[in-house]
Amino acid sequence: MNLCKFPRRGYVQHPTPIEFLPNFSKALGNKVNVYIKRDDLLPGCAGGNKTRKLDFSIADALEKGADTIITCGAVQSNHARLTLAWCVKEGLECHLVLEERVKGSYKPEASGNNFLYKLLGVAGITVAPGGSPMLEEMEKTANALRANGKKPYIIPGGASNATGALGYVACAQETVEQLFHSKLDIHTIVTPSGSAGTHAGIVTGMYGTGAGIPVLGMNVSRPKKTQEDLVHKLVKETAALCGVNADIPASAVTCFDDYVGAGYSIPTDSMVEAVKLLARTEAILLDPVYTGKAMAGFIDQVRKGAFPAGSNLLFLHTGGSPALYAYLETFE
Ligand SMILES: *Cc1c(COP(=O)(O)O)cnc(C)c1O
């Protein structure tokens with residue numbers, strides 16, 4: 001596995017910190033030692049995991065001569081915000097197609113990421129009803145732009161194709177190196193699992209580096225089996241792309257769907273508890289849609305004794321805190 005073979009823009013200049021969470025570990029009864037990988041502190045406007053993927057995706061777009069990027073996401077999409085942000089830096093035009101997964105949830109005047117789309121100067125926003133074929137919706141935008149002489153490049157939702165997932169193969173490599181230097185033996189890594197690129201990239205990287213640290217995914221929308229299949233498919237594509245020759249088995253992908261609640265982006269009590277607990281013990285902000293639900297799952301698994309006493313666990317903080325400001329009532 002030699003990731004230098006792939007075009008990359010260099011958005012990730014330093015490894016993100018791995019921090020011990022003593023107060024949070026204590027609040028969970030000191031059964032385990034909780035560490036957090038601060039990908040919420042990645043560069044790019046307000047940080048988050050999409051920066052690692054866009055490092056490769058936007059490099060590919062530029063190599064193909066694009067002058068315009070089209071991508072899609074939910075109405076409060078961190079991925080849309082970060083794609084737009086890196087387009088601003090690169091001098092690329094950016095168009096967003098937003099999927100209204102919860103009916104009536106797109107509000108042009110909403111705060112959070114939606115506010116940032118406008119602040120960052122988005123070239124265009126199209127809103128599609130929940131369940132729309134998003135690739136087709138983006139193709140429509142692309143055709144209209146081509147007719148105007150533009151050279152558009154489509155980045156799929158969450159930049160979760162094999163190219164984008166390379167960003168999290170790189171993160172796995174970075175993490176393994178950091179753990180070695182700090183002599184920290186991690187039992188399990190826990191990550192949110194959404195459009196699957198993050199989860200798939202880390203699993204692939206854990207095979208590629210040979211570190212073999214197990215990875216647990218906490219779903220934010222889909223049922224367990226559907227998500228596991230989605231992640232495993234992308235693992236195979238990513239491994240083939242970056243030359244990891246191991247036949248990575250389906251059993252390398254484990255997902256929990258117990259913490260999704262009523263659906264994607266719909267608040268749960270355990271999410272609110274998790275967001276408040278991390279804020280009040282470590283002053284670290286999670287988000288309502290991804291890391292809050294993933295942390296709720298993590299907390300529940302610790303409380304249930306799913307991990308050996310005294311083990312070191314690493315939670316991947318994938319970012320998203322700007323979305324908190326679109327959920328003020330939820331936290332009152
Ligand atoms: C997109 C996102 C995720 C999920 O990552 P995927 O690669 O889409 O699975 C997790 N957390 C935050 C904050 C995100 O924006």
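Predicted model, so just to flag it, every value in this text is computed and none were measured. Counting starts at 1 for both ligands and their atoms, following the listed order.
For the atom pair Cys242 SG and Glu237 CD, the distance stands at 12.0 Å (nearest 0.5 Å).
For atom 13 (C) of ligand 1, the closest non-hydrogen atom on the protein side is Gly319 O, 3.1 Å. Atom 9 (O) of ligand 1 has its closest protein heavy atom at Gly194 N, 2.7 Å.
Val220 and Leu82 are assigned to two separate hydrophobic clusters, defined by single-linkage of ILVMFWY side chains at heavy-atom distances under 4.5 Å. Residues Leu286 and Ile299 are members of one and the same hydrophobic cluster, defined by side-chain heavy-atom contacts under 4.5 angstrom among Ile, Leu, Val, Met, Phe, Trp and Tyr.
A salt bridge does not link Glu19 with Lys37: none of the charged nitrogens is closer than 4.0 Å to a carboxylate oxygen. Residues Arg101 and Glu99 are paired through a salt bridge, judged by an N-O separation under 4.0 Å between the basic side chain and the carboxylate.
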Subject >> Chi angles and distances behind the side chain to side chain donor-acceptor pair (under 3.5 Å) call for Asn219, Tyr264 >> reply: CA-CA 9 Å; Asn219 297 3; Tyr264 177 81; over 6 Å; no
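Within the listing of ligand 1, atoms 7 (O) sit less than 4.0 angstrom from a heavy atom of Ser160. Close contacts of ligand 1 with Gly320, meaning ligand atoms under 4.0 Å from a residue heavy atom, involve 13 (C). Of all the atoms in ligand 1, the ones that sit under 4.0 Å from a non-hydrogen atom of Lys50 are 1 (C), 2 (C), 3 (C), 5 (O), 14 (C), 15 (O). Close contacts of ligand 1 with Gly197, meaning ligand atoms under 4.0 Å from a residue heavy atom, involve 7 (O). Taking every heavy atom of Thr318 and a limit of under 4.0 angstrom, the matching atoms of ligand 1 come to 10 (C), 11 (N), 12 (C), 13 (C). The Asn78 neighbourhood of ligand 1 comprises atoms 13 (C), 14 (C), 15 (O), with distances under 4.0 Å to a heavy atom of that residue. Near Lys53, meaning under 4.0 Å from any of its heavy atoms, are these atoms of ligand 1: 6 (P), 7 (O), 8 (O).
For ligand 1, none of its N or O atoms has an N or O atom of Thr291 under 3.5 Å away. Geometrically, ligand 1 and Ser195 share a nitrogen or oxygen pair separated by less than 3.5 Å.
Side-chain contact, Asp39 with Thr318: no donor N or O sits under 3.5 Å from an acceptor N or O. Side-chain contact check for Glu63 and Tyr153: no donor-acceptor pair (N or O, by modelled atom type) lies under 3.5 Å. If you check the side chains of His95 and Thr68, you find no donor sitting under 3.5 Å from an acceptor.
The side chain of Asn49, and not its backbone, has at least one atom closer than 4.0 Å to an atom of ligand 1 (non-hydrogen atoms only; side chain from C-beta on). With a heavy-atom cut-off of 4.0 Å, Ala196 touches ligand 1 through its backbone alone.
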